[in-house]
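One-based numbering along the sequence shown. Treat the numbers as computed from the prediction; the structure is a model and nothing was measured.
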Amino acid sequence: MTQPQDLTWLLANLVNQVPHTRSALLLSTDAIPRFYYGLERDDADRLASLASPLCSLVQEVGKCFGGGHGMRQANAELGDGSILAITAASAGSILAVLADSTVNAGVLSYEMQQLGRKVPSSLATPSRRSPAEESRPV
């Protein structure tokens, strides 16, 4: 199995191309930070541990209330007006971005979707269950 290339440059491009964007994190769905830009390692770990369950929560709301499976994007306005935007990247990965309150949310959303298409599926976290286990009810 080959190691995926370092995708930090994609995150740096996003942060540098969208004015008022502070940081970006690409993480696995099980909250493992894979690549990050504009964050210290501890902050990347902390944001990953918070973004992953938020993504799961949004997906579950979609399933329960007719929004379908998956998630396009979730946005939260923080107390100081700054923005947390989370989107599914490739299968098994999540993109989380922090931006100032003055960011153009439409541009940020578009650029996050474009970046998500560039993330290779090799970043997906493999299932921890065997195929036989996955077919059995929990």
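- A donor-acceptor contact closer than 3.5 angstrom is absent between the side chains of D100 and T102.
- Nearest heavy atoms, S23 versus G38: CB-O, 3.5 Å.
- Atom CG of D45 and atom CD1 of I32 lie 10.0 Å apart (nearest 0.5 Å).
- Tracing side-chain contacts under 4.5 Å through hydrophobic residues (I, L, V, M, F, W, Y), one reaches W9 starting from L95; they form part of the same cluster.
- Of all heavy-atom pairs between V103 and P19, the closest is CG2-O, 3.4 Å.
- Using a 4.0 Å cut-off between a side-chain N of Lys or Arg and a carboxylate O of Asp or Glu, D42 and R46 do not qualify as a salt bridge.
- Among all heavy-atom pairs drawn from Q73 and S109, the shortest one is OE1-OG, 2.5 Å.
- Each of L14 and Y110 belongs to its own hydrophobic cluster when Ile, Leu, Val, Met, Phe, Trp and Tyr are linked at side-chain heavy-atom distances under 4.5 angstrom.
- A side-chain donor-acceptor contact under 3.5 Å links T21 to the backbone of V18.
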*Evaluate the side-chain contact (heavy atoms from CB on, under 4.5 Å) criterion for residues R72 and T87: first the C-alpha distance (whole Å), next the side-chain angles of each, then the deciding distance (0.1 Å), finally the verdict.*
CA-CA 6 Å; R72 287 190 192 169; T87 189; 5.5 Å; no
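- D43 has its side chain within reach of E40: a pair of non-hydrogen atoms, C-beta onward, lies under 4.5 Å apart.
- For the pair D6 and F35, the minimum side-chain heavy-atom distance is below 4.5 Å.
- Contact record, R41 with P33: NH2-CG, 4.3 Å, taken as the closest heavy-atom pair.
- Cluster annotation: I83 and L50 are assigned to distinct hydrophobic clusters (Ile/Leu/Val/Met/Phe/Trp/Tyr, side-chain heavy-atom contacts under 4.5 Å, transitive).
- The side-chain contact (heavy atoms from CB on, under 4.5 Å) test with L11 is passed by exactly one of L25, L26, N16, L39: L26.
- Within the 3.5 Å criterion, the main-chain N or O of S101 finds no donor-acceptor partner in the side chain of S82.
- Put simply, the side chain of V97 does not reach to within 4.5 Å of the side chain of L84, judged on heavy atoms.
- Within the 4.5 Å cutoff, side-chain heavy atoms of L27 are placed close to those of S52.
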